[in-house]
There are 2 protein chains.
Amino acid sequence: MNVSIDIIKEKLSECGLKITPQRIAILEAIYVLNNHPTADNIITYIRKTHPNIATGTVYKVLDTLVDSKLIKKIKTEKDIMRYDGILDQHHHLFSSESDRIEDYSDDKLDKLLEEYFKRKKIPGFKVEEIKLQINGKFLKSK
Amino acid sequence: MNVSIDIIKEKLSECGLKITPQRIAILEAIYVLNNHPTADNIITYIRKTHPNIATGTVYKVLDTLVDSKLIKKIKTEKDIMRYDGILDQHHHLFSSESDRIEDYSDDKLDKLLEEYFKRKKIPGFKVEEIKLQINGKFLKSK
DNA sequence: ATCTCTTATGAGAACAATTCTTATTTAAGA
DNA sequence: TCTTAAATAAGAATTGTTCTCATAAGAGAT
Ligand SMILES: [Mn+2]
Ligand SMILES: [Mn+2]
Ligand SMILES: [Zn+2]
Ligand SMILES: [Zn+2]
């Protein structure tokens, strides 16, 4: 991902959020780190340039960004939250061997699912979003 | 769900696990509580009849049951693990307003996905399991 | 039924991720 | 520049979970 500081500022103010160095750093970290970082990944990253951002602030900002829909939380089986800066509809590949999570975009599949659920209603439930959780193994080499 | 103690014992020994009152109580609780209980839900439930099962034991047993594939963990956006005693392939409906999680089984959909991924290979990844995470709102009542 | 051995459990301390509290600082509009 | 509401730093507190270790209890062998 490649998002300039200016774009980040713009995103923040579009959401009616005050523009602070902490928020910029954290949102930028999520974009740079890309692969679904944990709060700790983000802290480690931003401390290199902003050594005095407090841990609590990072968690607070992450919450704010989630509430403002600038980022998303990812459901995992571990006691660690992970964050996603990519907002376009996509699914996730979860490694059954490691903590690796990769994006998987597939318009054709999304169409297929949309079609399917256009007919097949789920009684008593209003679908807002469908995400595939694809579990498996990544083959050799990164 | 309606599983007798005898069936539970059978399941345990099939997995080569010692049959203990704690394991029976916990597995039964998961079946009775049904809707994807937390460790705490399970503790509250079993304490009614087994007031002295230790908290640590419950977590230990849950781990064991997951390892033995008698139950499954459910990925959520919260810092609380949830467990599922239903092993047949099924998906989950996640409430965007509450912590409610309901099962959703759909053979036709599973067929469709299987078909789809028979052709469409994901490069560098070996799919083991595909689950839909269906987010939305439950409509009134229940 | 008893013995033996291994495994499971209870109690409570420890831990890691996250949240909360409070004094201080800062962004942004007036 | 002034004002004010909102954000942050620091560190304590909480929560869900894991760990440690002494004791208890399954289960196969006798
Ligand atoms: Mn935790
Ligand atoms: Mn926690
Ligand atoms: Zn993603
Ligand atoms: Zn389920």
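- Of the candidates dA27(D), dT18(C), dG10(C), the closest approach to any side-chain atom of A54(B) belongs to dG10(C).
- When heavy atoms are screened at a 4.0 angstrom cut-off, N52(A) is found touching the sugar-phosphate backbone but no base atom.
- L62(B) has its CG atom 15 Å from the P atom of dC19(D), to the nearest Å.
- Map S13(B) and K73(B) each onto its nearest nucleotide of DNA chain D; the residue landing nearer the 5' end is K73(B).
- When the nearest nucleotides of DNA chain C are assigned to G16(B) and G56(A) by heavy-atom distance, the more 5′-ward of the two goes with G16(B).
- Here dA27(D) is the nucleotide among dA27(D), dT9(C), dA9(D) with the atom lying nearest to any side-chain atom of I19(B).
- Rounded to an integer number of Å, the gap from E77(B) CD to dG16(D) C1' is 18 Å.
- Residue Y45(A) forms a side-chain contact (heavy atoms from CB on, under 4.5 Å) with just one option from I30(A), L33(A), I26(A), and that option is L33(A).
- For K18(A) and dA6(D), the NZ to P distance is 7 Å, given to the nearest whole Å.
- The side chain of V61(B) has dT9(C) as its nearest neighbour among dA9(D), dT9(C), dT17(D).
- If you take CD1 of I80(B) and C1' of dT19(C), they are 13 Å apart, rounded to a whole angstrom.
- Computed from coordinates, the D67(A) CG to dA6(D) P distance equals 15 Å when rounded to whole Å.
- The nearest whole Å value for the distance from the CZ atom in R47(A) to the C1' atom in dA10(D) is 11 Å.
- Between H50(A) atom NE2 and dT26(C) atom C1' there is a gap of 15 Å when expressed in whole angstrom units.
- At dT18(D), none of the side-chain N or O atoms of Y59(B) fall inside 4.0 Å of OP1 or OP2 (strictly under the cut-off).
- The residue among D40(B) and I53(A) whose nearest nucleotide of DNA chain D is located toward the 5' end is I53(A).
- When I86(B), L62(B), D84(B), T64(B) are each tested for a side-chain contact (heavy atoms from CB on, under 4.5 Å) with I71(B), only one passes: L62(B).
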Q | E114(B) and K111(B): CA distance, side-chain angles, deciding distance, salt bridge (Lys or Arg N to Asp or Glu O under 4.0 Å) verdict | A | CA-CA 5 Å; E114(B) 199 185 316; K111(B) 285 270 180 355; over 6 Å; no
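- Atom NZ of K78(A) and atom P of dT17(D) are 14 Å apart (whole Å).
- Comparing dT17(D), dT18(C), dG26(D) by their nearest atom to the side chain of P21(B) picks out dG26(D).
- Using a 4.0 Å cut-off, no side-chain N or O of Q22(B) falls inside it from OP1 or OP2 of dA25(D).
- For the side-chain contact (heavy atoms from CB on, under 4.5 Å) test with I24(A), the passing option among I46(A), I5(A), V61(A) is I5(A); the others fail.
- Closest approach of H90(B) to H36(B), counting heavy atoms only: NE2-NE2, 4.4 Å.
- Between T20(A) and dA7(D) there is no side-chain polar atom (N or O) within less than 4.0 angstrom of OP1 or OP2.
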